[in-house]
Visitor: 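For reference, the structure I am asking about is given below.
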Amino acid sequence: MDSELSTRIMKAVDANFDRQIAFLSALVACPSLRGREQSAQDLMAEAMGGLGLAIDRWEMDADRLRALPGFSPVETPYAEAVNIAGVHRPQRRKGRSLILNGHVDVVPAGPLDKWTSPPFSARVEDGWMYGRGAADMKGGVSAMIYALEALRSAGGSPAAEVCVQSVIEEECTGNGALACVARGYRADAVLIPEPRGEAVTSAQLGVMWLRITVRGRPAHVREAEIGANAIEAVFPLLQALHRLEDAWNAPERRHPAFAALPHPVNFNVGRIKGGDWPSSVPAWCTFEVRVAVYPGQPLAEAQAEIEACLREAGAGLGGLDIAYHGFMAEGYELTGADDALGALERAHRAVNDAPLASVPTTACTDARFYGLYGGMPSLVYGPKGAAIHGFDERLDLESLRRVTQSMALFIAEWCGLEAA
Ligand SMILES: [Zn+2]
């Protein structure tokens, strides 16, 4: 791309940046927790309409997704679980097509008194925007819109089909992105601007959610010896799970893409509930665990290992139920993406005057659906964030500006441009 054009595009991002921040603030103000994504999706549909995209808005249907590879079991109904796609069609297709995908769902904010300012009210201070979802990943979502807006401001329009997808349920299943693949959306490449600190993701882990219920025997505490305490029974189970976690992190079990990381596989107890009364020996305890698997590690094999580990550690207990809900996600390693990576590298270099780093992540993203089940190279590249899923989550706004510029240049090269 000639440098006059790339300068024009980067300046267009700068010129629109105040509007982008205002849009992002409005998006952060939508409390798009699971089941409450509608207002965020309304904003996205409006923004896509403003870009002249053809809007496809549909409600997800678990029954239609269930049989597909990559589906994760859900417990909450999908009434009003809405996905949005906005499609740009060129006058004459010259370049390669592209999907820009981002999720608008966010994780719960936790105790509000630990936030410096309310999580669903964007606050900008010292170059950072604070708010739940500002980094993960409404910042990147704003970049999808404003990268296209910059091309338009610069007088161009992608010379290939571009599909902008605003999905839900990335944070618990990924079924939103799966629904996009199931709806038939295909492209020559996919770009997902998750907050990855301006590096491209070389590989990501898979994730499963388990719910383990331990049965005890209730009794009055005065004769505790005849009871079986279901809450205390959980601790040896957790220790056993952490021993399995250690085994999976051992060098001989590592996937090569994660060889350099100190501790790629994390098992996390994220939720626990049990008992009914302080003076009763608890008859039940339920805890939920997030486990991770490597790319290529079959989920069924991982489940068998985990279940054997739990059953052995819980052999003396009255009962142990193991159920899966939420994430049933395989790992994904980026391969066969040399052309797209080259284009992203050139775009990144034009903005940053530095090479594009390629880094594995110990999290999972929606990239797996496109890469594993859709045969589409799926790049994850987005701005720098901090305290993601924590208190005072924040997004580096200068990083967002650079990523928006890189995305606009990437689209311009990958898709080509025609006169707007
Ligand atoms: Zn995310």
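This is a predicted model, so every value here is computed, not measured. We number each residue from 1, following the sequence as shown.
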Visitor: Between Y373 and E330, do the side chains contain a donor N or O and an acceptor N or O under 3.5 Å apart?
Guide: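 Result is yes, a qualifying pair exists.
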Visitor: Would you say that H325 contacts V74 through its side chain, given a criterion of any heavy-atom pair below 4.5 Å between the two side chains?
Guide: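 SC-SC contact between H325 and V74 ruled out.
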Visitor: Would you mind reporting whether D14 and R401 have side-chain heavy atoms less than 4.5 Å apart?
Guide: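 The answer is yes; the side chains approach within 4.5 Å.
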Visitor: One pair to check against side-chain contact (heavy atoms from CB on, under 4.5 Å): T286 and R211. What are the steps and the verdict?
Guide: CA-CA 7 Å; T286 295; R211 179 181 297 131; 3.4 Å; yes
Visitor: With a 6.0 Å cut-off on ring centres, are F267 and W248 close enough?
Guide: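 Ring centres of W248 and F267 closer than 6.0 Å.
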Visitor: Can you tell me how far apart SG (C163) and CG (N101) are? Round to the nearest 0.5 Å.
Guide: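 Atom-to-atom, C163:SG and N101:CG are 9.0 Å apart.
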Visitor: Are D105 and R36 within salt-bridge range, i.e. N to O under 4.0 Å?
Guide: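 Looking at R36 together with D105, the answer is no, because their closest N to O distance does not fall below 4.0 Å.
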Visitor: I want to check something: taking the side chain as every heavy atom from C-beta on, are M328 and F71 in contact at a cut-off of under 4.5 Å?
Guide: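 Of all side-chain heavy-atom pairs linking F71 with M328, none is under 4.5 Å.
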Visitor: Supply the atom-to-atom distance S166 OG to D42 CG, rounded to the nearest 0.5 angstrom.
Guide: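 One finds 10.5 Å between OG of S166 and CG of D42.
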Visitor: Is there side-chain contact between V269 and L238, with at least one heavy-atom pair below 4.5 Å?
Guide: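 Answer yes - side chains close enough.
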Visitor: Could you measure the distance from the CD atom of E169 to the CZ atom of R34? Nearest 0.5 Å is fine.
Guide: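 E169 CD to R34 CZ: 4.5 Å, rounded to 0.5 Å.
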Visitor: Any salt bridge between K384 and D136, counting N to O under 4.0 Å?
Guide: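 No salt bridge links K384 with D136.
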Visitor: I'd like to know if the side chain of E170 pairs up with that of T365 as donor and acceptor (distance under 3.5 Å, no hydrogens or angles considered).
Guide: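 The answer is no; no qualifying pair exists.
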Visitor: Is there a side-chain contact between V265 and T362 in this structure, where contact means two heavy atoms from C-beta onward sitting under 4.5 Å apart?
Guide: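 In short, these two side chains do not touch, never coming nearer than 4.5 Å.
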Visitor: So do F369 and M376 actually touch side chain to side chain, heavy atoms under 4.5 Å?
Guide: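 Of all side-chain heavy-atom pairs linking F369 with M376, none is under 4.5 Å.
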Visitor: Heavy atoms, side chains only, cut-off 4.5 Å: are P119 and Y130 in contact?
Guide: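 P119 does not reach Y130 side chain to side chain.
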Visitor: Could you check whether T361 and Q204, counting side-chain N and O atoms only, form a donor-acceptor pair closer than 3.5 Å?
Guide: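 On atom types as modelled, these side chains do not qualify, holding no pair under 3.5 Å.
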Visitor: Using 4.0 Å as the upper bound for N to carboxylate O, is an ion pair formed by R66 and D61?
Guide: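 So D61 does not pair with R66 through a salt bridge.
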Visitor: Indicate whether the side chain of S153 and that of N16 have a donor and an acceptor atom separated by less than 3.5 Å.
Guide: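 Yes - a donor-acceptor pair under 3.5 Å links their side chains.
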Visitor: Please check if atom CD in E232 has more than 12 non-hydrogen atoms from other residues, nucleotides or ligands closer than 6.0 Å.
Guide: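 Result for CD/E232: open.
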Visitor: Is the centre of the H348 ring less than 6.0 Å from the centre of the Y381 ring?
Guide: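 Between Y381 and H348, which both carry aromatic rings, the centre distance is below 6.0 Å.
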Visitor: Consider only side-chain N and O atoms of E333 and S202, and report whether a donor and an acceptor are under 3.5 Å apart.
Guide: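 S202 and E333 do not have a side-chain donor-acceptor pair below 3.5 Å.
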Visitor: Please determine whether side-chain hydrogen bond (donor to acceptor under 3.5 Å, both in side chains) holds for the pair D392 and T116, giving the CA-CA distance in whole Å, both sets of side-chain angles, and the decisive distance to 0.1 Å.
Guide: CA-CA 7 Å; D392 288 344; T116 307; 2.6 Å; yes
Visitor: Using modelled atom types and a 3.5 Å cut-off, is there a donor and acceptor pairing between side-chain atoms of D396 and backbone atoms of W128?
Guide: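 Between the backbone of W128 and the side chain of D396 there is no qualifying donor-acceptor contact (under 3.5 Å).
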Visitor: Does R368 make a cation-pi contact with Y332 (under 6.0 Å, within 45 degrees of the axis)?
Guide: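 Not satisfied by the 6.0 Å and 45° rule.
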Visitor: Report the C-alpha distance between D188 and L98 in whole Å, list the side-chain angles of each, state the deciding distance to 0.1 Å, and finish with yes or no for side-chain contact (heavy atoms from CB on, under 4.5 Å).
Guide: CA-CA 6 Å; D188 296 320; L98 179 66; over 6 Å; no
Visitor: Hey, what's the ring geometry for W58 with Y185, parallel, tilted or perpendicular (30° and 60° as the breaks)?
Guide: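 Aromatic pair W58/Y185 classed tilted.
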Visitor: Begin from the C-alpha positions of R215 and D321 and carry the test salt bridge (charged side-chain N to carboxylate O under 4.0 Å, His left out) through to its verdict.
Guide: CA-CA 8 Å; R215 303 278 166 206; D321 298 326; 3.6 Å; yes
Visitor: How are the rings of F23 and Y146 set to each other: parallel, tilted or perpendicular (split at 30° and 60°)?
Guide: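 Ring orientation, 0 to 90° scale: tilted.
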Visitor: side-chain contact (heavy atoms from CB on, under 4.5 Å) for I306 and L210? Distances and angles first, verdict last.
Guide: CA-CA 10 Å; I306 291 165; L210 292 84; 3.5 Å; yes
Visitor: Does R402 come within less than 4.0 Å of E198, counting only side-chain N to carboxylate O?
Guide: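 Result for this pair is yes, salt bridge flagged.
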Visitor: Both conditions, 6.0 Å and 45 degrees, for the charged tip of R290 above the ring of W209: are they met here?
Guide: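 Because its charged atom misses either the 6.0 Å distance or the 45° angle limit, R290 does not stack over W209.
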Visitor: Is there a side-chain contact between V87 and L53 in this structure, where contact means two heavy atoms from C-beta onward sitting under 4.5 Å apart?
Guide: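 Answer no - side chains too far apart.
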Visitor: Hey, are R19 and E149 close enough for a salt bridge, meaning a charged N less than 4.0 Å from a carboxylate O?
Guide: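 Result for this pair is yes, salt bridge flagged.
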Visitor: Under a 3.5 Å distance rule, please check whether R196 uses its side chain to pair with a backbone N or O of V359 as donor and acceptor.
Guide: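 Confirmed, R196 side chain pairs with V359 backbone.
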Visitor: What I want to find out is whether R243 reaches E245 closely enough, with some N-O distance under 4.0 Å, to be called a salt bridge.
Guide: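 Salt bridge: no.
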Visitor: A quick test of your reading: do over 12 heavy atoms of other residues, nucleotides or ligands sit less than 6.0 Å from CZ of R64?
Guide: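 Incorrect, the count does not exceed 12.
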Visitor: From Q41 CD over to L27 CG, what is the distance, rounded to the nearest 0.5 angstrom?
Guide: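 Answer rounded to 0.5 Å: 9.0 Å.
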Visitor: Would you find a donor on one side and an acceptor on the other, under 3.5 Å apart, between the side chain of E418 and the backbone of A159?
Guide: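 No.
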